[in-house]
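Before any comments, here is the structure.
Each chain gets a letter, A, B and so on, in the order the sequences are listed, and its residues count up from 1.
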There are 2 protein chains.
Amino acid sequence: MEKKPKIDQTSTTLLLEYFSKMMPLTDEEKELVASKFQPRLYRKRQFILQEGDVCNVFNFVVSGCLRMYNIDESGTTHIIQFAIENWWISDKGSFYSQKPSALNIEAVEDTTVLQIKHDDLLDLYVKAPKFDRIFRVLVENSLIKMQERLLQNMGSDARIRYEEFLKQYPTLANRIPNTHIASFLGITPEFLSKIRNERVSK
Amino acid sequence: MEKKPKIDQTSTTLLLEYFSKMMPLTDEEKELVASKFQPRLYRKRQFILQEGDVCNVFNFVVSGCLRMYNIDESGTTHIIQFAIENWWISDKGSFYSQKPSALNIEAVEDTTVLQIKHDDLLDLYVKAPKFDRIFRVLVENSLIKMQERLLQNMGSDARIRYEEFLKQYPTLANRIPNTHIASFLGITPEFLSKIRNERVSK
DNA sequence: AAATGCTCTTAATCTAGATTAAGGGTAGGC
DNA sequence: GCCTACCCTTAATCTAGATTAAGAGCATTT
């Protein structure tokens, strides 16, 4: 039996709060945001972006969980990022160049996002240059996270990376399939299973 | 015998060219840039940033080569990024939070950079909001590169990663020590030596 | 010129994690 | 209710790359 979760039409308040924490917004700016961002529900396993398509929306996750991944030449899936409540996700390479993406973004659970289209974001930058700064800061934060992730991937073994994952996404470990976590950590599900087992028996 | 390379006082023209390609600048903006960015020469092995210090400059490389790296708990060095001519480098995490960095930035060769101080950059954003956008785009580009690097690190074996390194830094392979390349690729110098040997004998 | 460091190479041995394989658990569709 | 499709686990075997060790080539310093 399928449930019919309704999209909360007031979900933009969450986004406005988010922006306001970074920089106070005027009422006009708030209205601009409300008019440009559209709520949308994705069901589990639906795609926000499929490889080969151009990524032309920028997504703010209101509730649920998304994963962004690529599939390499040998067919292995690598999850770059999970996005849960209050996170941003998009393939910025494709979004800003408007060229086809090599990445997929998929709903791991039923997920509500607020989306802004590429052209609307450019328009937002023009109408309210404050958003140039807000999005600069957003991207800076993503970059910092990505750098940490790279360092961890290079420097730590799988056990430590798993502990870090648990710290970074404390709510996620029991919510999503093991295979996704393994693919995020860059190991096989079998090996993750072994690690988990070791942890419990200690 | 030490050489005394002079810093080219006209080096800001290179930076102005760089900015102008992204967005046309007015004469006032150009002057602002010229006044805010200071040229500085670092000798081979000098540090632009040492772990524990706050990163309070943003660097544009005019000539030479820098490496940014961290040292993990077990004492292994991991190079996150090389920066050669026309690249930007800084620890953005430390720079924007003004907290001590865990990273080092070191000159691999005698290197000339143009530096802007943290407060001057903020001031530049205020005086010429255009730079909010310019730096947003810069950071976006860094993020895209970092993402590609993460994917390669997760998805490809060392041989393929080495080929990619050669493509991305074609001039670097013969300029810098093998140990640095290995540390960038996330392998030991011994193993890199083996890979190189295989390539030649094929 | 000798000495002190780096850097590179080769080769033997070792280990984290992959691969393969098999069995069991559980949810959703018919 | 059963069936199919996932998902998780355990265990045996295998491999990319690490570690250790040792020697040789250069460059810097004294």
Between B:S94 and B:C55, what is the shortest heavy-atom contact and its length?
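Looking at all heavy atoms of both residues, the shortest contact is OG-N, 2.8 Å.
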Protein-nucleotide distance ([X], atom [atom1]; [N], atom [atom2]), rounded to Å:
{"X": "B:I181", "N": "C:dT9", "atom1": "CD1", "atom2": "C1'", "value": "15 Å"}
{"X": "A:I160", "N": "C:dA16", "atom1": "CD1", "atom2": "P", "value": "12 Å"}
{"X": "A:K194", "N": "C:dA16", "atom1": "NZ", "atom2": "P", "value": "9 Å"}
{"X": "B:N178", "N": "D:dC26", "atom1": "CG", "atom2": "P", "value": "15 Å"}
{"X": "A:N174", "N": "C:dT26", "atom1": "CG", "atom2": "P", "value": "16 Å"}
{"X": "B:I195", "N": "D:dA18", "atom1": "CD1", "atom2": "C1'", "value": "13 Å"}
{"X": "B:H180", "N": "C:dC6", "atom1": "NE2", "atom2": "C1'", "value": "11 Å"}
{"X": "B:K44", "N": "D:dA27", "atom1": "NZ", "atom2": "P", "value": "11 Å"}

Between D:dT9, C:dG17, D:dG17, which nucleotide gets closest to the side-chain atoms of A:S193?
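Minimum distance to the A:S193 side chain belongs to D:dT9.
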From the options B:I89, B:I80, B:T77, B:I48, select the one residue that forms a side chain to side chain contact (heavy atoms under 4.5 Å, CB included) with B:R67.
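So the option named by the test is B:T77.
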Any donor-acceptor pair under 3.5 Å linking the side-chain atoms of [Y] with those of [X]?
{"X": "B:N104", "Y": "B:E51", "answer": "yes"}
{"X": "A:R175", "Y": "A:Y169", "answer": "no"}
{"X": "A:Y162", "Y": "A:R196", "answer": "yes"}

Could you please spell out the steps behind the side chain to side chain donor-acceptor pair (under 3.5 Å) verdict for B:S90 and B:N59?
CA-CA 6 Å; B:S90 69; B:N59 304 280; 5.9 Å; no
Between B:N197 and C:dT10, is there a side-chain N or O to OP1/OP2 distance below 4.0 Å?
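Affirmative; the distance criterion is met.
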Between D:dA16 and B:R159, is there an OP1 or OP2 to side-chain N/O distance shorter than 4.0 Å?
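No.
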Salt bridge check, A:R159 against A:E198: does any charged N sit closer than 4.0 Å to a carboxylate O?
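The answer is yes: the pair qualifies as a salt bridge.
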Within residues 185-192 of chain A: residues closer than 4.0 Å to DNA chain C (heavy atoms)
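Heavy-atom contacts with DNA chain C come from A:G186, A:I187, A:T188, A:E190, A:F191.
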